[in-house]
There are 2 protein chains.
Amino acid sequence: MAKNKNLPDSPGRYAYDGLDRVIHEKARLGILTSLAGHPQGLVFNDLKDLCSLTDGNLSRHLQILCEASLVEVWKSYGNNRPQTLVRLTPAGRQRFLDYVHVLESVVTDALAMTPASNDKPRLLPGLTPQ
Amino acid sequence: MAKNKNLPDSPGRYAYDGLDRVIHEKARLGILTSLAGHPQGLVFNDLKDLCSLTDGNLSRHLQILCEASLVEVWKSYGNNRPQTLVRLTPAGRQRFLDYVHVLESVVTDALAMTPASNDKPRLLPGLTPQ
DNA sequence: CGATTGAACTTTACATGGCAAAGTCTAGCA
DNA sequence: TGCTAGACTTTGCCATGTAAAGTTCAATCG
């Protein structure tokens with residue numbers, strides 16, 4: 001949990017390289033989180049509702065997630081209608097978890113200094129004020 | 001902590017409306033997190049290094065954060081060079097905190113179902129499998 | 001003392017990418 | 001055999017992130 005990330009102010013300390021662009025997008029983050037909680041997969045319309053997305057929107061993002069091999073899409077015919085089932089791939093689940101861990105560190109960073117800002121007389125770290 | 005967010009699968013459950021676009025961008029998230037930990041503010045170059053950004057990049061994002069009233073920018077002349085000091089505004093700090101709380105719930109959601117996926121016999125929530 | 005370098009930003013231009021509106025395709029129904 | 005409805009896909013526009021080029025000013029060099 002404590003890599004070199006708790007060092008005071010090293011260069012790149014807040015670069016958050018691990019924030020995978022493909023995952024970090026709001027809509028896709030919602031999609032992946034939904035899927036993470038539904039290992040059996042979700043059909044297109046349920047996913048659409050859970051994430052409050054439009055058809056076109058969801059379609060596009062699924063395409064992107066698919067190309068990145070984060071999810072897999074299964075087509076079939078449930079009660080005489082096309083049904084699209086979406087699931088996380090194992091690799092996708094792993095990449096998502098990695099991403100979430102970075103997210104955790106962002107939250108930790110953010111909450112570490114902030115809430116005590118009114119009572120703690122803070123000393124300036126490495127900055128030379130002149 | 002438990003709004004209606006722990007309800008099984010209500011529509012919009014994973015929409016994450018609170019993920020403010022202005023804040024959610026990777027680079028700006030880094031900038032804001034840096035600033036959250038440095039209430040006295042940071043100068044342009046330190047911020048640049050902490051976030052591993054290029055000059056132009058940082059400049060652009062600061063502009064955006066400024067227009068959104070999340071940060072304030074002070075110009076001056078420290079040792080015969082222009083110095084730009086950047087700080088979170090009080091409102092900015094609040095909005096950032098709000099955002100971080102949403103982020104926390106994303107992490108919670110993501111980790112809630114996922115890590116036990118090998119030993120916990122999971123029961124399907126609200127989905128009707130047919 | 002005019003030219004040049006270097007620091008510290010700003011501006012511009014391009015290219016990616018998100019989003020919504022329009023389009024496709026199949027099945028049932030009148 | 002049109003027509004409507006559902007389930008997506010495709011297209012096109014516009015916002016936005018990024019890198020490269022530009023600007024400004026102080027100090028230094030010839």
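Just so it is clear: chains get the letters A, B, ... in the order the sequence lines come, proteins before strands, and each one is counted from 1.
B:H24 has its NE2 atom 14 Å from the C1' atom of D:dT16, to the nearest Å. Straight-line distance from the CG atom of A:L65 to the C1' atom of C:dG17: 13 Å, rounded to whole Å. As a whole-Å value, the separation of B:I31 CD1 from D:dG17 P is 10 Å. Remark: P of C:dG18 and CD1 of A:I23 are 13 Å apart, rounded to the nearest angstrom. Here the P atom of nucleotide C:dG18 and the CD atom of B:E25 are 11 Å apart, to the nearest Å. Taking atom CG of B:D49 as the reference point, atom P of C:dC9 lies 12 Å away to the nearest angstrom. Per the geometry, CG belonging to A:L47 stands 11 Å off P belonging to D:dC8, to the nearest Å. Straight-line distance from the CG atom of A:N57 to the C1' atom of C:dG17: 11 Å, rounded to whole Å.
Taking every side-chain heavy atom of B:R60 into account, D:dT18 is the closest of C:dA27, C:dG18, D:dT18. Side-chain atoms of A:R28 lie closest to C:dG18 of the nucleotides C:dG18, D:dC8, D:dA19. Closest to the B:Y77 side chain, of the nucleotides D:dC8, D:dA26, D:dG17, is D:dA26.
Among the atoms of the strands shown, none is found under 4.0 Å from any heavy atom of A:L58.
Between D:dA7 and A:N45, a contact under 4.0 Å exists linking OP1 or OP2 to a side-chain N or O. Within the 4.0 Å cut-off from OP1 or OP2 of D:dT16, not a single side-chain nitrogen or oxygen of B:H61 is found. Between A:T84 and D:dC8 there is a side-chain polar atom (N or O) within less than 4.0 angstrom of OP1 or OP2.
Side-chain contact annotation: A:H24 with A:D20, donor-acceptor N/O pair under 3.5 Å absent. Side-chain atoms of B:H38 and A:D9 form a donor-acceptor pair, as typed in the model, at a separation below 3.5 Å.
Between A:R21 and A:R81, the one whose closest nucleotide on DNA chain D sits nearer the 5' end is A:R81. Residue-to-nucleotide proximity on DNA chain D shows that, of A:P82 and A:Q63, the 5′-proximal contact is made by A:P82.
A salt bridge links B:D109 with B:R13; the closest basic N to acidic carboxylate O contact falls under 4.0 Å. Ion pairing of B:K26 with A:E25 is absent here, as no side-chain N (NZ or NE/NH1/NH2) approaches a carboxylate O to less than 4.0 Å.
Ring planes of B:Y16 and B:Y14: perpendicular class, angle over 60° (limits at 30 and 60°).
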